[in-house]
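Notes to accompany the following structure.
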Amino acid sequence: MSSLSDRFDPEKIEKPLYQAWLDSGAFKPDPKSTKKPFTLIMPPPNVTGVLHIGHALTMTIEDVIVRHRRMQGFNTLWVPGTDHAGIATQMVVERDIQKKENKTKHDLGREEFLKRVWAWKEESQGTILSQLRTIGCSADWSRLAFTLDEGPAKAVRETFFRLYKDGLVSKETAMIQWCPRCRTALSDLEVKFGEQNGHLWKIRYRLKKDPSQALIVATTRPETLLADTAVAIHPDDERFEAFRGQEVIVPLVDRVIPIIQDTYVDREFGTGALKITPGHDPNDYEIGKKHKLPLLQLFDDQAAINETGGKYKGLTREAARKKIVQDLTDQGLLEGETAHRHNVGQCDRCKTNVEPRVSQQWFVDAAVLAAPAIEAVETGKIKILPKEWEKTYFEWMRNIRPWCVSRQLWWGHRIPVWYCGKCAETIVAVDDPTVCPKCQAKELVQDPDVLDTWFSSGLWPFSTLGWPDKTLDLKTFYPTNVMETGFDILFFWVARMIMLGLRMTGEVPFHTVYLHPMVRDEYGQKMSKTKGNVKDPLEIIQVQGADSLRMYFCLNAYHGRDVRVTESGLEGSRNFVNKLWNAARFVLMRFEGVSKEHIKREDPFNQWIWTALQETKQEVSTALAEYRFYEAAQLLYHFTWDTYCSRFIEITKAPEQMAWRQAEKDSTALQVLEELLRLLHPIMPFVTEEIWGKLPVKPESKLLINAPFPVMDPKRVFKEGKEQVEGLFAVVDAIRTQRGIYDISPALEMTAVVVGAEKVIAFLREQAGLLKSMARLSVVEFKEALPDRKSYVMVAPRPGVQVFLVRKELGEVEIALEKMKKDAAALKQAIDRARIKLASPDFVSNAPAEVVAGVKDQCADMESKFRTIETYLKENA
RNA sequence: GGGCGCCUAGCUCAGUUGGUUAGAGCGCUGCCUUCACACGGCAGAGGUCACAGGUUCGAGUCCUGUGGCGCCCACCA
């Protein structure tokens with residue numbers, strides 16, 4: 001057995017250990033195994049670049065889940081993958097080419113541009129995969145998937161085909177959100193609204209009948225007046241009595257349009273008159289349809305004015321606005337201009353203001369798919385955790401609108417639709433058609449558009465397992481168990497996986513959705529490159545190792561909305577890894593050569609640590625089962641540091657103990673460590689595996705990753721041992737506290753007298769040596785009674801046991817008396833509260849018996865303690 | 001406009017169905033270079049649980065209202 005190095009050096013151990021896991025085949029489950037399967041599909045990171053700290057959180061939690069399940073004996077599969085991320089990746093590559101070559105994608109052409117994106121993807125994916133390994137992800141790399149791979153592509157086509165056949169995807173002309181920079185349609189979810197400073201302009205629309213009169217219309221977008229096809233007023237608005245049924249002249253273009261009446265108009269806003277531009281505003285579009293107004297398309301795909309705009313043709317939106325305001329002013333048609341803050345939609349990816357636009361797009365009838373998806377969550381077939389998110393899910397699903405899935409991009413799954421050049425037939429097929437099934441013509445043109453990235457992501461839980469083929473993987477590992485991801489993509493992704501999963505496979509894609517919080521900086525700010533507050537997980541790992549970052553996430557990922565990453569917190573988890581390392585180092589050094597067989601019987605100290613371990617195991621397994629990783633981590637942190645290190649190991653150090661119990665207790669120290677390593681392994685795989693490798697006794701498995709996760713053993717719960725040892729600690733703590741109060745140096749000699757009935761103090765007497773070393777006493781005496789109490793200072797650690805310290809050894813006794821008085825007062829208050837409770841017939845008759853009994857016991861304890869202090873204070877008054 | 005969440009120690013947050021004297025980490029104070037660890041040890045201080053009502057034998061926990069903060073959805077030009 002070689003020992004552990006003095007200092008824990010994560011950089012040195014992590015790579016070889018990861019390789020050892022890989023080599024052992026631990027990550028790769030056998031689909032033919034008879035063990036119960038457990039499946040988790042990794043949310044595929046976008047191949048836009050490198051992983052950020054949010055990914056690190058995701059991967060940590062998922063790896064904890066997966067390692068825990070694997071150790072529990074499940075046939076565990078974690079499928080890794082990456083996402084082509086259509087619009088996002090296309091944009092970063094465009095930017096890259098722009099920066100390096102000053103070219104646009106149109107300069108390169110579709111084919112060449114796609115070549116560049118694939119090259120980008122290769123590099124980015126490589127980086128991402130190596131980062132995942134650095135974090136410690138125990139995913140099955142043999143099943144690595146990419147959303148544009150052949151398998152997932154087949155799934156995409158099959159799905160599109162089936163939806164088309166069932167009338168659930170169709171080509172429609174509709175108003176959609178358009179990004180003029182990306183030059184593509186967007187789904188509603190891809191548009192983010194934010195407040196912007198703008199203006200409200202009041203413009204004169206002269207009456208056709210009497211141009212000296214005018215209707216004054218308020219708008220934030222004067223440039224769209226070029227495509228106005230009506231002006232609307234509220235039917236009940238008396239102010240506009242004279243205007244009803246009239247026509248007005250659109251300024252600058254002199255087109256005559258009607259004044260319509262619609263209750264949609266808000267009389268309070270602006271002037272009460274609203275210009276209607278059905279081509280460029282979703283609400284106007286609806287009004288236009290209702291009133292059968294003509295629709296004018298004013299902008300081209302880059303939001304520049306087209307021929308509809310006459311002399312304004314070619315101007316951008318922004319330039320046109322300026323020019324039109326100027327022209328209106330010049331012609332005396334501008335009535336006013338006020339500052340106005342309002343919400344404007346932006347492209348989620350490139351932050352360009354979107355332009356609502358009418359165009360032909362493919363739409364999925366989401367409402368039909370949503371119905372069973374809602375039911376699956378209502379009936380509990382799918383559980384969403386934390387539960388609060390279910391309501392959000394229902395809210396969105398019940399108000400779902402058609403999902404625009406076509407994108408005018410180049411990077412993505414080509415829509416499997418062809419048009420016949422001869423008879424214009426639309427052909428939707430899984431395999432590329434060669435002739436038109438209607439007219440046999442060979443001039444077929446594929447739809448140039450690609451699908452929304454989330455369309456292929458929506459199939460991910462089963463497309464990665466081989467669907468639509470009936471593969472063994474699919475049979476064994478589907479439906480999957482858990483979908484673990486951030487709440488920010490509940491609608492984008494989770495909802496769509498549920499809808500498409502149910503529709504395509506007839507089964508829920510997963511049984512549980514666990515939504516983790518978002519990573520923020522220490523001030524609660526979102527991390528972003530522009531703010532400069534981004535923390536690179538790889539940098540943290542390089543400095544302090546993967547384990548401490550993982551432990552940090554587990555300790556801090558509460559069920560809230562965000563997890564803040566702070567320097568001091570990271571330091572804390574680093575210290576914890578160090579603590580474990582050193583404890584292991586000490587135990588291994590001290591107890592080298594000890595074997596398991598030395599255990600003969602359980603002494604109270606062993607009983608106590610075993611009991612504490614069983615309690616911890618019980619609580620940890622409950623916490624993990626309920627996805628409360630923070631709780632599991634905290635329990636283990638506390639057990640390791642406070643119970644195992646600060647108490648148990650310290651006990652083993654006492655020289656008086658060593659003489660007669662060394663071999664036995666040493667062996668317990670090792671065995672508890674061994675279980676502790678298994679408990680900590682899912683959270684901190686590297687350091688635990690490294691220590692595991694040095695254990696003299698490895699009962700279960702050569703590699704910790706394959707060792708069984710500890711389960712609570714009721715046979716190792718010992719009430720007496722636990723109580724005895726806790727009683728001893730109470731005495732030790734009380735003396736230590738006095739030492740603190742009196743500022744007595746640990747070097748100073750102290751004498752303690754333990755007073756109590758022999759029965760009660762027998763164990764303390766037996767452990768006199770330990771008591772002395774733990775409380776740093778020079779002398780300890782045991783007595784049934786103490787006659788000359790005045791020369792002592794009393795501490796009352798437990799009912800029935802009093803501990804006295806020699807007065808003259810303490811110096812200023814008044815400090816202690818003051819403190820005792822304070823304690824007594826607090827105690828008195830608590831006793832009074834308890835007595836009032838116990839005296840109330842309502843409490844005694846209504847509260848459960850065990851609560852009443854608990855209060856009674858506690859009250860008795862407090863009273864006995866209080867009496868002791870009172871008596872002592874009186875004696876010393 | 002609709003919805004969700006938060007307000008507990010100086011800071012960041014736990015606190016499961018209401019039930020013993022409300023917890024942790026960090027920070028702070030004092031003492032300690034004790035033979036695993038100063039990335040350490042021992043001890044300590046610090047909270048009217050945002051506020052106001054209510055339900056209950058009993059409220060940090062449930063209900064109503066008020067104030068403050070955050071997020072999501074919808075997008076009145």
Side-chain angles (χ1 to χ4, degrees), chain A residues 4 6-8 188 191 193 200 217-221 224 232 264-266 268-271 273-277 281-284 340 342-345 388-389 391-392 395-396 399 487-488 490-491 518 522 524 544 548 555-556 558-564 566-569 571-590 622 626 628 630-631 634 637-638 645-646 649-650 653 733 736-741 743-747 773 776 826-827 829-831 833-834 837 840-848 850-852 854-859 861-862:
Chain A
L4 297 170
D6 285 1
R7 274 194 103 72
F8 174 57
D188 299 333
V191 179
F193 286 85
L200 195 61
V217 168
T219 182
T220 54
R221 298 200 60 191
T224 62
Y264 169 78
V265 179
D266 177 359
E268 309 295 313
F269 190 90
T271 60
L274 169 66
K275 64 193 250 351
I276 304 294
T277 322
D281 181 280
N283 295 306
D284 292 8
H340 181 64
H342 61 136
N343 272 340
V344 180
E388 297 84 72
W389 290 108
K391 206 165 174 180
T392 310
E395 191 69 25
W396 189 73
N399 295 299
F487 61 76
D488 54 330
L490 177 62
F491 306 143
M518 296 292 113
E522 42 213 305
Q544 58 184 70
S548 70
L555 281 171
N556 292 282
Y558 307 110
H559 278 177
R561 302 239 165 181
D562 47 54
V563 40
R564 299 190 184 190
T566 67
E567 282 306 331
S568 67
E571 219 169 83
S573 55
R574 178 203 60 179
N575 295 352
F576 177 73
V577 177
N578 181 256
K579 186 77 183 176
L580 177 70
W581 179 261
N582 280 292
R585 198 157 67 87
F586 174 77
V587 171
L588 288 172
M589 214 155 58
R590 179 69 78 79
T622 308
E626 288 165 16
R628 292 199 305 267
Y630 54 94
E631 203 181 307
Q634 276 169 9
Y637 182 102
H638 172 248
C645 292
S646 297
I649 291 183
E650 290 312 310
K653 280 182 184 174
D733 290 349
R736 283 175 170 178
T737 303
Q738 295 304 312
R739 219 182 244 288
I741 292 169
D743 273 355
I744 295 176
S745 149
S773 74
R776 302 205 149 268
L827 211 48
Q829 266 189 0
I831 292 168
R833 264 195 298 261
K837 238 183 207 178
S840 151
D842 289 330
F843 172 70
V844 178
S845 56
N846 289 331
E850 72 252 32
V851 172
V852 178
V855 173
K856 225 177 228 168
D857 283 357
Q858 214 223 341
C859 189
D861 279 8
M862 289 190 298

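Computed over heavy atoms, backbone and side chain alike; hydrogens, waters and symmetry mates excluded. In what follows, chains are A, B, ... by sequence order, proteins preceding strands, each numbered from 1.
Comparing the same atom, P, in B:rU8 and in B:rC75 gives a spacing of 35 Å after rounding to whole Å. A distance of about 46 Å separates the C1' atoms of B:rC73 and B:rU21, rounded to the whole Å. Between the C1' atoms of B:rC62 and B:rC49, the separation comes to 16 Å (whole Å). Comparing the C1' positions of B:rA74 and B:rU56 gives a spacing of 41 Å, expressed to the nearest Å. Taking atom C1' on both nucleotides, B:rG60 is separated from B:rG19 by 13 Å, rounded to a whole Å. B:rG23 and B:rC31 have their P atoms separated by 28 Å, with the value rounded to a whole Å. The same atom, C1', is picked in B:rG27 and in B:rG46; the two are 12 Å apart, to the nearest Å. With C1' as the reference atom, B:rC42 and B:rU33 are 14 Å apart, rounded to whole Å.
No donor-acceptor pair under 3.5 Å is formed between the side chain of A:N578 and the backbone N or O of A:R574. A:R739 places a side-chain N or O within 3.5 Å of a backbone atom of A:R776 that can act as its donor or acceptor partner. With A:N846 contributing its side chain and A:D842 its backbone, the two residues share a donor-acceptor pair below 3.5 Å.
Regarding contacts with the backbone of B:rG58, every side-chain N or O of A:K837 stays at 4.0 angstrom or more from both OP1 and OP2. Between A:R574 and B:rC39 there is no side-chain N or O to OP1 or OP2 distance below 4.0 Å. The side chain of A:S646 contributes an N or O atom lying less than 4.0 Å from OP1 or OP2 of B:rC42. In this structure, A:Y558 does not reach the B:rU12 phosphate: none of its side-chain N or O atoms is under 4.0 Å from OP1 or OP2. Put simply, A:N556 has no side-chain N or O that comes within less than 4.0 Å of OP1 or OP2 on B:rU12. One finds no side-chain N or O of A:K653 lying less than 4.0 angstrom from the OP1 or OP2 phosphate oxygen of B:rC37. For B:rC13, the OP1/OP2 oxygens have a side-chain nitrogen or oxygen of A:R564 closer than 4.0 Å. For the pair A:T737 and B:rG44, the criterion of a side-chain N or O lying under 4.0 Å from OP1 or OP2 is met.
Which of B:rC37, B:rU21, B:rA36 sits closest to the side chain of A:A583 comes down to B:rA36. Distance from the side chain of A:E650 is smallest to B:rC37 among B:rG19, B:rU21, B:rC37. Taking only side-chain atoms of A:N846, from C-beta outward, the nucleotide of B:rC57, B:rC37, B:rC72 with the closest atom is B:rC57. Comparing B:rA36, B:rC71, B:rA74 against the side chain of A:R561 picks out B:rC71 as the nearest. In this structure, the nucleotide among B:rA77, B:rC26, B:rC37 sitting nearest to the side chain of A:Y637 is B:rC26. Here B:rC42 is the nucleotide among B:rC42, B:rA77, B:rG40 with the atom lying nearest to any side-chain atom of A:R736.
Using a 4.0 Å heavy-atom criterion, one finds that A:F193 contacts the bases of the nucleic acid, with or without backbone contacts as well. The residue A:C645 sits close to a base: some heavy atom pair falls under 4.0 Å. Within the nucleic acid shown, A:T392 has no heavy atom closer than 4.0 Å to any nucleic acid atom. If you check every strand for non-hydrogen atoms under 4.0 Å, A:T566 touches nothing. Residue A:K579 is in base contact, counting any heavy-atom pair closer than 4.0 Å across all strands shown. Residue contacts for A:Y630: at a heavy-atom cut-off of 4.0 Å it reaches the sugar-phosphate backbone alone, with no base atom in range. Residue A:I831 is classed as having no contact, given no heavy-atom separation below 4.0 Å to the nucleic acid. Here A:P848 lies in heavy-atom contact (under 4.0 Å) with a base. If you check every strand for non-hydrogen atoms under 4.0 Å, A:H638 touches nothing. Residue contacts shown for A:R221 are absent, as no nucleic acid heavy atom lies under 4.0 Å away. Using a 4.0 Å heavy-atom distance criterion, A:D733 is classed as a sugar-phosphate-only contact. Using a 4.0 Å heavy-atom distance criterion, A:G854 is classed as a base contact.
For the residue pair A:Y637 and A:L555, the shortest heavy atom distance occurs at CD1-CD1, 4.1 Å. The nearest pair of heavy atoms linking A:F843 to A:V852 is CE2-CG2, 4.0 Å. The shortest heavy-atom contact between A:T220 and A:L200 is CG2-CD1, 3.8 Å. In terms of heavy atoms, A:V265 sits closest to A:L274 at CG2-CD2, 4.2 Å. Between A:A583 and A:C645, the shortest heavy-atom contact is CB-SG, 3.6 Å.
For A:R564, there are no side-chain hydrogen bond (donor to acceptor under 3.5 Å, both in side chains) partners two or more places apart in sequence or in a different chain.
The nearest whole Å value for the distance from the CG atom in A:D562 to the P atom in B:rG5 is 16 Å. Counting to the nearest Å, the C1' atom of B:rG27 and the CD atom of A:E571 are 12 Å from each other. A straight line from CZ of A:R585 to C1' of B:rG40 spans 12 Å, rounded to a whole angstrom. Between A:H559 atom NE2 and B:rG15 atom P there is a gap of 9 Å when expressed in whole angstrom units. For the pair A:E850 CD and B:rC57 P, the computed distance is 19 Å after rounding to whole Å. In this structure, the CD1 atom of A:I649 is 10 Å from the P atom of B:rA36, given to the nearest Å. Atoms CG (A:N582) and P (B:rU34) sit 16 Å apart, rounded to a whole Å. Following rounding to the nearest Å, A:R628 (CZ) and B:rC13 (P) show an atom-to-atom distance of 19 Å.
Two residues, A:A830 and A:T219, neighbour RNA chain B, and the one matched to the more 5' nucleotide by heavy-atom proximity is A:A830. Nearer the 5' end of RNA chain B, as judged by each residue's closest nucleotide, is the contact made by A:W396, out of A:G270 and A:W396.
Of the inter-residue distances, the one linking A:D857 atom CG with A:E850 atom CD reads 12.0 Å to the nearest 0.5 angstrom.
For RNA chain B, if you chain together Watson-Crick or G-U pairs that step i with j, i+1 with j-1 and so on, the runs of at least three with distances under 3.5 Å are B:1-7 with B:67-73, B:10-13 with B:23-26, B:28-32 with B:40-44, B:50-54 with B:62-66.
Note on A:K275 versus A:D284: no salt bridge recorded, every NZ/NE/NH1/NH2 to OD/OE distance being 4.0 Å or above.
Residues A:L580 and A:F8 have side chains not in contact (no heavy-atom distance under 4.5 Å, counting atoms from C-beta outward).
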